[in-house]
Amino acid sequence: MNPSTALPHVVIVGGGIAGLAAAFFLRDEPVRVTVLEGSPRLGGKLSVSEVAGVPVDEGAEALLVTRPEGTGLIAEVGLAGDRVAPGTTSSAIWTLGALRPLPRRQFMGVPSDLAELAQSGVVSGAGAARASQDLELPPTTRDGDVPVAAFVGARFGVEVVDRLVDPLLGGVYAGRSSDLSFDATMPTLAAASRRYRSLAEAAGSLLPPPSSPVAVPVAAGEQGRAPAGTRSGGSVFTTLSGGLGQLPAVLAKASGAEVRTAAMTRALAPGAPGAPGAPAAGPGWRLTVGSAAAEELIDADAVILAVPARPAARLLAGVPGASAAVTAFDEISYASMAIVTLAYPRSAFPGASSGPFSGSGLAALGWSGYLVPAVDGRAVKAVTFSSVKWPHLAEATAPGAEPLEIVRCSVGRIGEEALLQRADEELAALAAAELAAATGVRGGPVAHRITRWGGALPQYTIGHLDRVARIRAAVATQRGLAVCGAAYEGVGIPACVATARAAASQVTEFLRGGRQ
Ligand SMILES: Cc1cc2nc3c(=O)[nH]c(=O)nc-3n(C[C@H](O)[C@H](O)[C@H](O)COP(=O)(O)OP(=O)(O)OC[C@H]3O[C@@H](n4cnc5c(N)ncnc54)[C@H](O)[C@@H]3O)c2cc1C
């Protein structure tokens, strides 16, 4: 315990959404909390800045509302009134030479209505015929964890994998279905697939009835995050009018914690615990913070590591008894990516003079964006028509000026790091050229912004659940230590917040329980 105060000291390493949420969940506990963020900026993968004068998210931009943790946190910090609903969340797949509707009746790309799949044109006639064999094939047995592509491919064939499931997974993890674990990335479907012979039927069992007016959680954020939504309305996602990137600063303030930026934690070591079975006589942990030239030592009674796997492994490397966690953390790879945000005058888009979406600009296309299968060889893997998905962005254009269309292009799947090495102007030109090919937009953007996210998303590859179990078991043996964030049970914000709440409870229990 810090002698300068009567309260135990909890140090949280990492000022992303998970670390800040953990600090917030400790706000009413009898503890003193310090958050140490290594970079000069709070928020991690949440960040907002202006493009052509409009505040647009650079990282996470949509929150799934079908899990309560994210929206609950927003309400608790007093931002519920700033929530906005999407204008539309229907999505397309850009493949086989056209924008084609993402089937409504699918679960993370796994189709449940094979007639709708055939009609969508997302797969060829032969691909649709192969997919329908799912209804006839004998059960596909599996022994332990398997890649998504192997299981889904065995049921529906390669086209469904390549043109539906892989792009949807790519939108969430920037990963490939040939590597990602079926059990870890689609746990509810993996469980349902053990109850049904047909995977289409298993997927259907997880969707609302076809006649339901309720929006279908198509890419259902098993991980609390979904890259594509529904045609029927905006109930699946939400964002904040000033961008999700405004949440970290509000959370930091509401937590009442001491929140420090540019405070890189370089080492973690056990401090001076009390005798076994007795309350600790001194701090349980010592953290080394800052550069070697200006090193600072901070003592803590409990520590929450809210950092990605690599820094977590580095910090635990010097902790006796934590080697199993270090090994498992080292096995978690990360995909890097970039977000290229482009702004165009509305009249640059061809519009439509008739049909259900007649009108001007991007809205006339009738989608909130599109996904691009890797097999089609494009650089951009997903595009969000931000000003269509979030109409308040279109309304934010300066009064009297022509409305702007804001387009968010996501570049970089795992293994495509070379693409991300290209200069900003080159990436912007590449994204703009592909957008023109897909939508017919004329002329170049009036503004652009490139945001590079190195080590953006953990890859839940085969064995992920086992790795997380090993990490959690090893961390549980360390007195007053907890972990949270995207590396564990979901990369989406609600899942990260859930791990933060659990970590806050773990250290509270430890401190209350005489630190046994
Ligand atoms: C481009 C992009 C778009 C996304 N879109 C969505 C979306 O729309 N919806 C959604 O739900 N999810 C989305 N996600 C996923 C989600 O945003 C992330 O999984 C989540 O924000 C991760 O939060 P975190 O706190 O676990 O980690 P991070 O945000 O990575 O935060 C960890 C923090 O720890 C700091 N740190 C690291 N090492 C140290 C150290 N040694 N000392 C001190 N500090 C350290 C880092 O600087 C960082 O700030 C997106 C992710 C990306 C990359």
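Note that ligands are numbered from 1 as they come in the structure, with each ligand's atoms numbered from 1 the same way.
- For the pair Ile339 and ligand 1, the shortest N or O to N or O distance does not fall below 3.5 Å.
- No side-chain donor from either of Thr71 and Arg83 sits under 3.5 Å from a side-chain acceptor of the other.
- Every atom of ligand 1 with a heavy atom of Gly485 under 4.0 Å away is listed here by number and element: 26 (O).
- One option in Gly44, Ala306, Gly14 has a heavy atom closer to atom 32 (C) of ligand 1 than any other, and that option is Ala306.
- The minimum heavy-atom distance between Pro458 and Ile332, with the atom names listed, is CB-CG2, 4.0 Å.
- Between Thr265 and ligand 1, at least one pair of N/O atoms sits closer than 3.5 Å.
- The nearest pair of heavy atoms linking Ala302 to Trp285 is CA-CD1, 4.2 Å.
- Atoms of ligand 1 lying under 4.0 Å from at least one heavy atom of Ala456, given by number and element, are 53 (C).
- Between Arg41 and ligand 1, a contact under 3.5 Å exists for no N or O pair.
- Close approach of ligand 1 to Met337 (heavy-atom distance below 4.0 Å) involves ligand atoms 1 (C).
- Close approach to Met264 involves these atoms of ligand 1, each under 4.0 Å from a residue heavy atom: 39 (C), 40 (C), 41 (N), 42 (N).
- Every N/O-N/O distance between Cys496 and ligand 1 stays at or above 3.5 Å.
- A salt bridge links Asp424 to Arg452: one of the charged nitrogens lies within less than 4.0 Å of a carboxylate oxygen.
- Using a 3.5 Å distance cut-off with no hydrogens or angles, the side chains of His448 and Thr341 do not pair a donor with an acceptor.
- Considering backbone and side-chain N/O atoms, Cys484 never comes within less than 3.5 Å of an N/O atom of ligand 1.
- Qualifying side chain to side chain contact (heavy atoms under 4.5 Å, CB included) partners for Glu331, counting only residues two or more places apart in sequence or in other chains: Thr327, Arg467, Arg470.
- Closest to atom 3 (C) of ligand 1 by heavy atom, among Gly455, Gly59, Pro311, is Gly59.
- Under the 4.0 Å criterion applied to side-chain N and carboxylate O atoms, Arg266 and Glu295 are assigned as salt-bridge partners.
- Any N or O atom pair closer than 3.5 Å counts here, and Ile17 shares at least one such pair with ligand 1.
- At under 3.5 Å, not a single nitrogen or oxygen of Leu457, backbone or side chain, sits near a nitrogen or oxygen of ligand 1.
- Checked for salt-bridge contact, Glu296 and Arg260 meet the test: a charged N lies under 4.0 Å from a carboxylate O.
- Taking 4.0 Å as the cut-off between side-chain N and carboxylate O, Arg27 and Glu76 count as a salt-bridged pair.
- Of all the atoms in ligand 1, the ones that sit under 4.0 Å from a non-hydrogen atom of Gly492 are 11 (O), 12 (N).
- For atom 5 (N) of ligand 1, the choice among Ala22, Ala267, Ala60, Pro248 with the nearest heavy atom turns out to be Ala60.
- Both tests pass for Arg472 against the ring of Tyr488: distance under 6.0 Å to the centre and angle within 45° of the axis.
- On a distance-only criterion, Val491 and ligand 1 share at least one N/O pair closer than 3.5 Å.
- With hydrogens and angles left out, the side-chain atoms of Gln506 and Thr508 include no donor and acceptor closer than 3.5 Å.
- Close approach to Leu36 involves these atoms of ligand 1, each under 4.0 Å from a residue heavy atom: 43 (C), 44 (N).
- The distance criterion of under 3.5 Å between nitrogen or oxygen atoms is met by Lys45 with respect to ligand 1.
- With ligand atoms numbered from 1 in the order given, ligand 1 contributes 3 (C) to contacts under 4.0 Å with heavy atoms of Arg408.
- Atom numbering of ligand 1 starts at 1 in the shown order; those under 4.0 Å from a heavy atom of Ala263 are 43 (C).
- Side-chain contact annotation: Glu61 with Trp390, donor-acceptor N/O pair under 3.5 Å present.
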